[in-house]
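Input: a single structure, listed below in structure tokens.
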Amino acid sequence: MPELPEAETIARGLDAAIAGRRIERIKIHRDEVVEPMSPAVFRRRLRGRYVERVGRRAKWITALLDDGGRWVTQLRMTGRFTWGSPSPLRAEPHLSASFVINNGDASGVLRFYDTRRFGRMWVLNESQWAEIDARLGVEPLSEELTPGSLAELLAGSSAPIRNWLLDQRRVAGIGNIYAVEACYRARIDPRRPAGSLERNDVRRLHNAIRRVLGRAVDRRGTTFSDYRDVLGAGGEFQNVLKAYGREDEQCARCGGTIERIVLAGRSAFFCAGCQV
DNA sequence: CGCCGTACCTGGAGGC
DNA sequence: TGCCTCCAGGTACGGC
């Protein structure tokens with residue numbers, strides 16, 4: 001479900017909801033959500049802490065705590081937060097964890113649902129977080145990603161460019177939807193070896209990555225089924241997808257037909273007429 | 001080392 | 001309706 005734009009939207013919603021507030025009660029409904037931490041240690045490190053700020057790194061949601069710790073969440077495919085009014089912390093289908101958070105004069109409940117149960121959340125110290133952070137590549141919307149730095153990262157790779165874009169160690173935050181859309185916008189065949197891109201290809205790809213992600217953030221992400229922001233609203237970017245999920249439809253740019261292929265086990269969509 | 005197939009899970013869609 | 005297969009926004013791991 002969530003790639004960079006969805007994680008960004010969720011992080012902004014969480015920041016508005018819980019920054020400056022205290023985590024009063026924690027219930028772990030499914031122990032695996034905190035693996036390899038134990039629920040007891042997770043709760044001990046989080047209970048009573050104030051959340052200073054919620055942000056995003058790649059596809060991770062990170063909340064800075066008042067004791068210097070960091071509460072981090074990896075949403076994976078179907079992880080979802082909801083912020084709502086208090087009610088009993090009872091188990092519901094797909095509910096992995098719930099948190100009672102002091103909301104000024106009242107309290108609210110933050111819930112983490114995860115249908116496919118791939119999502120994880122941990123409370124880390126700064127050096128543990130630094131290790132994770134160091135393994136993640138450059139933020140694609142930051143000034144660090146330039147046509148020149150992208151060209152250096154691409155050099156020497158034989159992986160198809162669509163697969164390369166999914167590798168979080170070089171550029172971090174892009175998932176399958178936006179990798180496919182960026183290749184379409186850049187008019188690059190998703191099968192092209194990453195290291196074969198020439199200067200003009202790299203410039204178009206750089207521009208495409210930033211435009212696609214930037215517009216998807218503006219539209220609060222892409223909703224097919226599971227993804228919702230913390231108040232339950234879907235995104236709008238699915239309405240302007242040009243290639244992803246459009247197998248057999250007409251290409252908006254050249255009138256060709258969008259094809260679906262499988263690369264490294266995952267669908268890619270492209271127009272053979274105008275993506276070279 | 002780089003790349004890719006597989007595994008981890010559940011549920012929705014579509015074929016029969 | 002039921003049963004089967006395929007597919008899904010991510011990523012860790014192991015094999016080659």
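Remember, predicted model here, so these are calculated numbers, not experimental data. Protein chains get the first letters and strands the later ones, always in sequence-line order, with residue 1 at the start of each.
The residue A/Phe224 sits close to a base: some heavy atom pair falls under 4.0 Å. No contact: A/Arg120 has no heavy atom under 4.0 Å from any strand. Across all strands shown, A/Pro93 has no heavy atoms under 4.0 Å from either base or sugar-phosphate atoms.
We find that A/Glu8 and A/Arg12 are joined by a salt bridge, their nearest charged nitrogen and carboxylate oxygen being less than 4.0 Å apart. The pair A/Arg80-A/Asp226 does not meet the salt-bridge criterion, since no charged nitrogen lies less than 4.0 angstrom from a carboxylate oxygen. Here A/Glu139 pairs with A/Arg57 in a salt bridge; the nearest charged N to carboxylate O distance falls below 4.0 Å.
Spacing between atom CZ of A/Arg266 and atom P of B/dC8 amounts to 18 Å, rounded to whole angstrom units. Atom CG in A/Leu75 sits about 18 Å away from atom P in B/dC9, given to the nearest Å. A straight line from CG of A/Asp229 to C1' of C/dG9 spans 16 Å, rounded to a whole angstrom. The distance from atom CZ of A/Arg76 to atom C1' of C/dC13 is 12 Å, rounded to the nearest whole Å. Straight-line distance from the CH2 atom of A/Trp60 to the P atom of C/dT11: 8 Å, rounded to whole Å. Taking atom CD of residue A/Glu35 and atom P of nucleotide C/dG10, one finds them 21 Å apart after rounding to whole Å. Between the CG atom of A/Leu166 and the C1' atom of C/dA12 there is a distance of 15 Å, given to the nearest Å. For the pair A/Arg80 CZ and C/dG9 P, the computed distance is 18 Å after rounding to whole Å.
Residues passing the salt bridge (Lys or Arg N to Asp or Glu O under 4.0 Å) test with A/Arg210, sequence neighbours excluded: A/Glu143.
Checking the phosphate oxygens (OP1, OP2) of B/dC4, a side-chain nitrogen or oxygen of A/Asn163 falls inside 4.0 Å. For the OP1/OP2 pair of C/dG9 and a distance below 4.0 Å, the side-chain nitrogens and oxygens of A/Lys59 include no atom meeting the criterion. Side-chain N/O atoms of A/Ser157 include one lying less than 4.0 angstrom from OP1 or OP2 on B/dC3. Between A/Ser158 and B/dC3 there is a side-chain N or O to OP1 or OP2 distance below 4.0 Å. A close approach under 4.0 Å does occur between a side-chain nitrogen or oxygen of A/Gln74 and OP1 or OP2 of C/dT11. Here A/His94 does not reach the OP1 or OP2 of B/dC9: none of its side-chain N or O atoms lies under 4.0 Å away. The side chain of A/Ser267 places an N or O atom within less than 4.0 Å of a non-bridging phosphate oxygen (OP1 or OP2) of C/dA8.
Residues A/Tyr178 and A/Glu6 have side chains that bring a donor and an acceptor to within less than 3.5 angstrom of each other.
Distance check: A/Tyr50 OH to A/Asp67 CG gives 13.0 Å after rounding to the nearest 0.5 Å. From A/Thr222, atom OG1 reaches atom OH of A/Tyr244 across 9.5 Å, with rounding to the nearest 0.5 Å.
Both A/Ala264 and A/Arg169 sit near DNA chain B, but only A/Arg169 has its closest nucleotide nearer the 5' end.
When each of A/Arg22, A/Arg25, A/Glu24 is tested with A/Asn102 by the rule side-chain hydrogen bond (donor to acceptor under 3.5 Å, both in side chains), just one qualifies, namely A/Glu24.
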Base-pair map of DNA chain C as dot-bracket, where | denotes pairing with a different strand and pairs are Watson-Crick or G-U under 3.5 Å: .|||||||.|||||||

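When each of B/dC9, B/dC4, C/dG10 is scored by its nearest atom to the side-chain atoms of A/Arg116, the top-ranked nucleotide is B/dC9. Comparing B/dG11, C/dG9, C/dC7 against the side chain of A/Arg260 picks out C/dC7 as the nearest.
Below the 3.5 angstrom threshold, one finds a donor paired with an acceptor across the side chain of A/Ser225 and the base of C/dG9.
As rounded to the nearest Å, C/dC3 and B/dC9 have P atoms that lie 24 Å from one another.
Ring-plane geometry between A/Trp71 and A/Phe81 is classed as perpendicular, the angle between the planes exceeding 60 degrees on a 0 to 90 degree scale with a lower cut at 30.
Both stacking criteria are satisfied for A/Phe118 over the base of B/dC8: a centre-to-centre distance under 5.5 angstrom and an angle between ring planes under 30 degrees.
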